[in-house]
Chemist: 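Next up is a structure, given as structure tokens.
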Amino acid sequence: MHPALTTLTSICEDTQNTVDVERTELKPFNRQLLNEEFLNKFLSIHFEDNVTLTNLKQFFRTTHLHIAHPLRSSLWFDILHQEQKYKQYKFQQAVERYPEDIRNIFGRRNDIIVRLPSCIDINHLPNYHLNRKGQHARTRILSVFAYYHPDVTWAPLLAPIAALYLHYMTEIDAYESLLILTSKNYNIITQTEIQYQSLMCAFRSLLRRHYHSAYEILSKYQQNIFDQWLWILFENLPLKYLTPIVDCLLIEDMKILIRFSMILMNHFAKFLSNQQFKHKRRYSIFHRDTYSRLSSMTSAMKENSTTKNEVLINYMQQFDFPIEKLFKQAFSIRNLRRKDIFRTIQIEEDKLKQERRFLRSISHNSEQHVSNSSSTTASARGYNHQNSTAIIMIREFDTSIASHSDFAYLWSFIPSRLTEFQPERIYSSNIHGRRLRTLYDHVEFYEHCFIIIRNELEEIFGVFCSSALSSRSKARLWFGTGETFLFTLKPKRQVFKWVGYQKLTMGDTKPYEDYFIHADDEYLQFGGSKEALDVGLCIQHDLNEGSTKQCDTYANKPLSSCEYFQIIEIEVFGFTR
């Protein structure tokens, strides 16, 4: 038994949890021509001008470095930086900004909980033996990437490739490499749903064209098996095969994934055919009733898609085929040129666009028909998007009440048009004094603001104002909009929104349920009721005392454990670019 080796960074699992790999660190196609000295000379020149793209293609098609080879520590990074324009630091600004972006999204203490962006398929998140530290690094990379690339709406391969990068690069190098890989110069990662769907359909068409018998066997086995071809590579195939495939992928493009997936599908089809042949021979020596019983069991298994998926996954996870022969087969497929692949993808994309236009055109005539058609199309393709809030980036700022994490929480409730703004402290009772008129003077030119209070019990709560407090000079006693809301931050985070959002129609509220803000020189109040004294939050003119009750406008719980409280500190935050 050969010893277990880890990959080249500190974010992989302990040795007992890693894949057992052979001591041999090099598995070339031709051992007589390739040796350690040649590899070091070839790979350590950092891809200077005398190394052409053709040489690199041929090299990695025939030479397969072990997953733990020392040269892998810089291999992928060097491949992606081989073009001269990337040596001119095209992404230098983004890389230099990355540490600050991490602090702004996750907080200095890493206490802000951030979900993976919605462009990631949460049903396909292979970790490749990354430990918790590595998985957190992947989340950070994807979050910063998604924040600056809102146009990337569906890119399931981002997460697997980021995880692979982290075995051979630092976190910041992995981020830069992901930026390069998703630039316009590479055709590897789909970035919209229609691109992804087109790729799925194109693979099915190409497999039918080049491996028709395999296609027929797989079609009878399971209809949706062709939608899984990408995950056969990135989720089920052992790393000792996947890593050399990615070597070629970074040098070339999507055609690498198509070629290897077709070969693997063909191997699985042969496996199914052999299994069926063995069963037939076995059944022929049984009695008729035994044959009938086994046939019924086989039929039941055929109808069970879960069992079929498990068979496919187990086959790929235990795949054992000489890597040299696998590569030779993949690059021996005839008449599968790059332009043919991308032409097929474009044809499928045009079909999907035409289908969508057709569905939109008939939506005015038959809403039910569109609903059925859309659901059928969606279920046939089986794509699962993650329901996720947008990534929020908030710069660190001066405050003595709320934390960075608190503001990230509040930012998820403010109107979406304001989420790109940053909080700025515009008033503090500890700095500017305790007088309501002074507070008004500091917030005069801000249309929206947060007012946050800390009381004598160390409870923290407040209000989001959706209208400028300068509106108090108007004749109406109550003003504002339904975007105003009350909240608590400590001891428990909770938001109380306008009851009008819970009504069936916006005009279904009673007049006293639309009492949002009342401001004068004596009191600043938020949330009114039929009973005049039931105010959600009331702040007195000296900013020393306040009160809180359940009100009709927000149907809130009292914000403080005591109805009347002492204000230890009060701060107001405006919105700035």
Side-chain angles (χ1 to χ4, degrees), residues 116-124 145-159 181-210 212 215-216 218-219 222-231 234 253-255 257-258 261-262 265 305 335-391 416-417 419-420:
L116 285 170
S118 57
C119 63
I120 301 300
D121 189 348
I122 59 174
N123 296 308
H124 296 289
F145 176 90
Y147 181 83
Y148 287 109
H149 295 81
D151 55 313
V152 178
T153 56
W154 188 237
L157 275 186
L158 280 178
L181 196 63
T182 52
S183 66
K184 294 182 180 179
N185 303 84
Y186 285 85
N187 294 302
I188 293 177
I189 297 180
T190 58
Q191 301 184 19
T192 64
E193 184 177 1
I194 196 166
Q195 289 178 356
Y196 183 78
Q197 292 178 356
S198 303
L199 180 62
M200 296 298 104
C201 296
F203 176 79
R204 183 171 187 152
S205 176
L206 291 168
L207 184 67
R208 181 171 58 234
R209 185 187 310 167
H210 291 273
H212 186 75
Y215 174 83
E216 292 296 328
L218 295 173
S219 297
Q222 190 177 10
Q223 276 294 324
N224 66 346
I225 193 172
F226 304 106
D227 292 334
Q228 304 177 47
W229 68 270
L230 203 56
W231 306 115
F234 283 93
D253 50 37
M254 182 61 70
K255 65 184 179 184
L257 302 183
I258 298 286
S261 297
M262 289 175 65
M265 283 287 196
S305 59
N335 301 320
L336 185 62
R337 296 171 296 181
R338 181 182 185 276
K339 64 178 183 179
D340 296 329
I341 292 174
F342 284 97
R343 185 188 299 119
T344 304
I345 294 174
Q346 186 61 50
I347 290 172
E348 295 297 338
E349 183 173 339
D350 292 340
K351 288 181 182 178
L352 289 170
K353 290 180 178 178
Q354 185 177 2
E355 177 187 349
R356 293 185 179 187
R357 286 194 295 267
F358 174 73
L359 291 176
R360 283 196 298 266
S361 67
I362 65 173
S363 61
H364 300 291
N365 301 326
S366 176
E367 182 177 354
Q368 182 65 35
H369 176 70
V370 173
S371 176
N372 292 339
S373 300
S374 300
S375 62
T376 301
T377 303
S379 61
R381 297 189 177 111
Y383 305 124
N384 297 303
H385 286 265
Q386 174 186 359
N387 294 322
S388 175
T389 56
I391 302 296
S416 57
R417 66 182 182 277
T419 54
E420 295 183 0

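Keep in mind that this is a model prediction, so the values were computed, not measured.
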Chemist: What residues form a side-chain contact (heavy atoms from CB on, under 4.5 Å) with T190, not counting sequence neighbours?
Modeler: P156, Q195, Y196, L199
Chemist: Restricting to non-hydrogen atoms, name the atom on D121 and the atom on W154 that form the minimum distance, rounded to 0.1 Å.
Modeler: CB-CH2, 3.7 Å
Chemist: How would you list, by chain and number, every residue that makes a salt bridge (charged side-chain N to carboxylate O under 4.0 Å, His left out) with R209, sequence neighbours excluded?
Modeler: none
Chemist: From L116 CG over to I122 CD1, what is the distance, rounded to the nearest 0.5 angstrom?
Modeler: 8.5 Å
Chemist: Among L218, I258, L207, find the one that has a side-chain contact (heavy atoms from CB on, under 4.5 Å) with W229.
Modeler: I258
Chemist: Could I get the full list of ring-ring contact (aromatic ring centres under 6.0 Å, His included) partners for H210, not counting sequence neighbours?
Modeler: none
Chemist: Only counting residues at least two apart or in another chain, list the ones meeting side chain to side chain donor-acceptor pair (under 3.5 Å) with Q223.
Modeler: R204
Chemist: Could you tell me whether the side chain of L352 reaches within less than 4.5 Å of the side chain of E355, counting heavy atoms only?
Modeler: yes
Chemist: With a 4.5 Å heavy-atom cut-off, do F203 and L257 have their side chains touching?
Modeler: no
Chemist: Can you sort out the partners of E216 under salt bridge (charged side-chain N to carboxylate O under 4.0 Å, His left out), two or more places apart, ordered by chain and number?
Modeler: none
Chemist: Would a 4.5 Å heavy-atom cut-off, applied to side chains only, mark N187 and K255 as touching?
Modeler: no
Chemist: Please give me the minimum heavy-atom distance between A155 and V152, naming the atom from each residue.
Modeler: CB-CG1, 3.7 Å
Chemist: Hey, can you tell me if F145 and H149 have their rings parallel, tilted or perpendicular (30° and 60° cut-offs)?
Modeler: parallel
Chemist: To the nearest 0.5 Å, how far apart are CD1 in I345 and CE in M200?
Modeler: 9.0 Å
Chemist: What is the distance from atom CG of D253 to atom CZ of R338, rounded to the nearest 0.5 Å?
Modeler: 4.5 Å
Chemist: Counting C-beta onward and ignoring hydrogens, is there a side-chain heavy-atom pair between H124 and L230 closer than 4.5 Å?
Modeler: no
Chemist: Measure the spacing between OG of S219 and CD1 of I225 and express it to the nearest 0.5 Å.
Modeler: 9.0 Å
Chemist: Looking at residues at least two apart in the chain, or sitting in another chain, which of them share a side chain to side chain donor-acceptor pair (under 3.5 Å) with K353?
Modeler: E349
Chemist: Apply the test side chain to side chain donor-acceptor pair (under 3.5 Å) to residues D350 and Q354: give CA-CA distance (whole Å), side-chain angles for both, the deciding distance (0.1 Å), then the verdict.
Modeler: CA-CA 6 Å; D350 292 340; Q354 185 177 2; over 6 Å; no
Chemist: How about M254 and F342: do any of their side-chain heavy atoms sit closer than 4.5 Å?
Modeler: yes
Chemist: Above 12 or not: heavy atoms from other molecules or residues under 6.0 Å from CD of Q346?
Modeler: yes
Chemist: With sequence neighbours excluded, tell me which residues meet salt bridge (charged side-chain N to carboxylate O under 4.0 Å, His left out) with R417.
Modeler: E483
Chemist: Distance check, rounded to the nearest 0.5 Å: I341 atom CD1 versus S205 atom OG?
Modeler: 11.5 Å
Chemist: Output all residues satisfying salt bridge (charged side-chain N to carboxylate O under 4.0 Å, His left out) with D340, sequence neighbours left out; order by chain, then residue number.
Modeler: R337, R343
Chemist: Please name all residues satisfying side chain to side chain donor-acceptor pair (under 3.5 Å) with Y147, sequence neighbours left out, ordered by chain then number.
Modeler: none
Chemist: How long is the span from the CG atom in L157 to the CD atom in Q191, to the nearest 0.5 Å?
Modeler: 11.0 Å
Chemist: Going by ring-ring contact (aromatic ring centres under 6.0 Å, His included), name the residues that satisfy it together with F226, two or more places apart in sequence or in a different chain.
Modeler: Y215
